[in-house]
Amino acid sequence: MTERPVRVRIAPSPTGDPHVGTAYVALFNYVFAKSQGGTFVLRIEDTDQTRARRDSEQMIFDALHWCGLTWDEGPDVGGPFGPYRQSERTAHYREHAAILVAKGEAYPCFCTEDRLAKARAQAQAEKRAHIGYDRLCRAIEPAVAAARAATEPHTIRLKMPLTGKIIVRDQLRAKPIEIDAAEVDDQVLLKSDGFPTYHLANVVDDHLMEITHVIRAEEWITSTPKHVMLYKAFGWEEPRFYHLGLLRNSDKSKISKRKNPVSINYYRDCGYLPTALLNFLGNMGWSFGNDTEKFTLAQMIEVFTWDRSSLNGPVFDLVKLGSLNEKYIQELTPLQLADALITWRFSREQLARVAPLVQKRMKKLDDAFGKIDFVYAGDLDYKPVLAEMAVPEVAPADVAAALLAFVERFETREGFTVAMLEEESTAWLAGLGWQKKHAFMLLRLAISGRTTSPDLFPTMEVLGKEITRRRMREAARALLAPPPPAPKPPKA
RNA sequence: GGCCCCAUAGUCUAGCGGUUAGGACGUCUGCCUCUCACGCAGAAAACUCGAGUUCAAGUCUCGAUGGGGUCACCA
């Protein structure tokens with residue numbers, strides 16, 4: 001492999017909240033690039049028209065910037081290999097898909113999604129080992145296929161070899177990974193809406209953008225054979241692959257918002273310092289060496305080598321993050337602490353959102369903070385109000401389930417506003433059939449930990465989606481927790 | 001289920017053939033103290049199992065087990 005200047009990229013998909021996993025992978029890309037004097041590129045993979053969210057891209061920029069990461073090229077800063085948004089590069093993908101068809105490496109597929117779904121369901125029902133596409137359209141004569149493609153909706157699929165092995169060389173793993181080509185599907189490259197799938201867009205862009213090292217999460221490892229074959233089909237040199245261990249929930253499953261806060265915004269809103277979060281992430285699957293756990297980004301870049309990485313999927317432990325964060329807090333000067341606080345939640349703009357919540361209840365200025373202190377708290381203690389959370393004639397487990405159901409309602413909605421919350425709460429309440437006062441008291445206790453609070457939905461809006469979600473989940477958890485053991489009798 | 005990846009205390013990790021298996025978080029004890037926290041001192045706690053290679057294996061090989069990922073016109 002020829003040595004080219006190091007160029008790496010992070011390629012998040014703007015489909016929701018900025019994910020800690022994105023920050024994690026970004027960190028290692030960034031640090032590796034900088035340790036090599038290379039270039040770090042941010043590319044937005046917005047090829048899924050059904051899932052892309054408008055507000056998500058800016059949130060990714062903001063969240064990554066908050067973490068302290070910057071990119072040399074990207075949609076917002078430009079660069080010589082732009083555009084950096086895949087939705088603006090569709091001509092490249094179509095052109096390259098056409099090249100593969102012309103070379104006989106790919107073919108149009110006219111199968112309907114319906115047929116594919118049925119075939120898949122049948123394969124699953126028969127417990128067949130291989131449940132991929134049956135390659136029906138691969139047999140169509142190229143000339144016939146081309147003629148039909150002119151008028152019929154179709155996808156473009158890659159012709160995978162029918163026999164032999166595909167070798168994936170992962171730089172972090174000693175042995176090459178060998179996979180039977182027959183195991184790999186004839187992957188869709190171009191969807192019927194003309195947009196590329198991840199696989200095509202990713203390979204074309206990585207090549208065109210001269211990416212030298214692909215550093216990404218382990219969940220991609222099984223699709224790497226497809227990418228390897230794509231590089232081959234194009235006759236391109238493949239980049240070096242590095243698959244990082246996946247961040248995990250405490251039960252070891254892939255980190256997910258059902259079980260763990262995953263939005264970078266949650267960590268920001270809960271009062272973690274970006275330096276601490278980044279440092280914490282740097283200790284996941286990588287070690288500084290020398291029993292050192294606390295280090296800066298600059299220090300990490302200075303000593304960075306891949307041989308200090310481990311492949312275990314590390315559990316994302318909030319407690320450990322908290323103790324690291326504490327260390328960072330402790331070494332702030334008084335003025336730095338003040339600045340951190342202002343940035344966090346005491347800016348003029350933020351106070352202008354929070355204080356009006358209780359303005360009606362204020363006679364003097366000093367009435368404010370006792371009433372809104374819960375806004376500034378992280379996790380609340382629900383033990384003292386557990387009894388208040390009870391809903392008459394409803395089992396605690398069902399109360400908890402209702403809380404989680406409320407979370408699910410706003411989970412899929414874009415934005416987090418009073419109007420949306422009112423709408424969803426009405427539907428939620430209708431489904432429950434509880435008295436309104438009981439349902440709303442439950443929400444109130446979950447978000448504020450008290451029976452009196454400012455108006456519910458404006459408060460939630462101010463708290464934000466991340467904190468609201470977290471508190472509702474924690475409240476649900478408190479409801480489900482077994483009652484505490486009886487206090488020890490006093491010593492005689 | 002097929003395929004793939006991974007395997008040191010509850011958690012994050014060090015170890016790269018010979019160590020009393022090290023550090024950190026958490027837990028527990030004590031000390032300090034006007035409360036709490038901090039701080040300090042100490043303790044409990046790990047090489048998944050089985051073969052093989054070797055004088056010697058947490059470290060190398062194979063297998064089993066366990067965990068995870070992935071099997072979309074999502075990324």
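So you know, we letter chains A, B, ... as the sequences are listed, proteins then strands, and number each from 1.
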> If the sugar-phosphate is the primed atoms plus P, OP1 and OP2 and the base is the rest, what is the B/S/- string for nucleotides 60-69 of chain B, using protein heavy atoms under 4.0 Å?
Replying inline: --S----SSB
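Judged as a side-chain hydrogen bond (donor to acceptor under 3.5 Å, both in side chains), and not counting sequence neighbours, the contacts of A:D205 are A:Q86, A:R89, A:Y93. Partners of A:A11 according to the side chain to side chain contact (heavy atoms under 4.5 Å, CB included) rule, which considers only residues two or more places apart in sequence or in another chain, are A:R9, A:R43, A:E45.
In this structure, the CZ atom of A:F288 is 18 Å from the C1' atom of B:G15, given to the nearest Å. The CG-C1' distance, from A:N290 to B:U13, rounds to 14 Å in whole Å. The distance from atom CG of A:L200 to atom P of B:A75 is 11 Å, rounded to the nearest whole Å. With rounding to whole Å, A:N325 atom CG is found 14 Å from B:C25 atom P.
Both cation-pi conditions hold for A:R7 and A:F81: the charged atom is under 6.0 angstrom from the six-membered ring centre and inside a 45 degree cone around its axis.
A:G285 comes within 4.0 angstrom of sugar-phosphate atoms only, judged by non-hydrogen atoms across all strands, and of no base. A:P196 comes within contact range of the sugar-phosphate backbone alone, with a heavy-atom separation under 4.0 Å but no base atom that close.
Among residue pairs with one or both ends in residues 316-342 of chain A, those qualifying as ring pair (Phe, Tyr, Trp, His ring centres under 6.0 Å) are A:Y267-A:F316, A:F280-A:F316; sequence neighbours excluded. Among pairs with a residue in residues 262-285 of chain A, none fulfils salt bridge (charged side-chain N to carboxylate O under 4.0 Å, His left out), at least two apart in sequence or across chains.
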Contact list (N/O, under 3.5 angstrom) for nucleotides 21-24 of chain B vs protein:
unit_1: B:G22; atom_1: N2; unit_2: A:D291; atom_2: OD1; d: 3.2
unit_1: B:G23; atom_1: O4'; unit_2: A:D291; atom_2: OD2; d: 3.4
unit_1: B:G23; atom_1: N2; unit_2: A:E293; atom_2: OE2; d: 2.8
unit_1: B:A24; atom_1: O2'; unit_2: A:E293; atom_2: OE1; d: 2.6
unit_1: B:A24; atom_1: N3; unit_2: A:K320; atom_2: NZ; d: 2.6

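Spacing of C1' atoms, B:C16 relative to B:G2, comes out at 35 Å, to the nearest Å.
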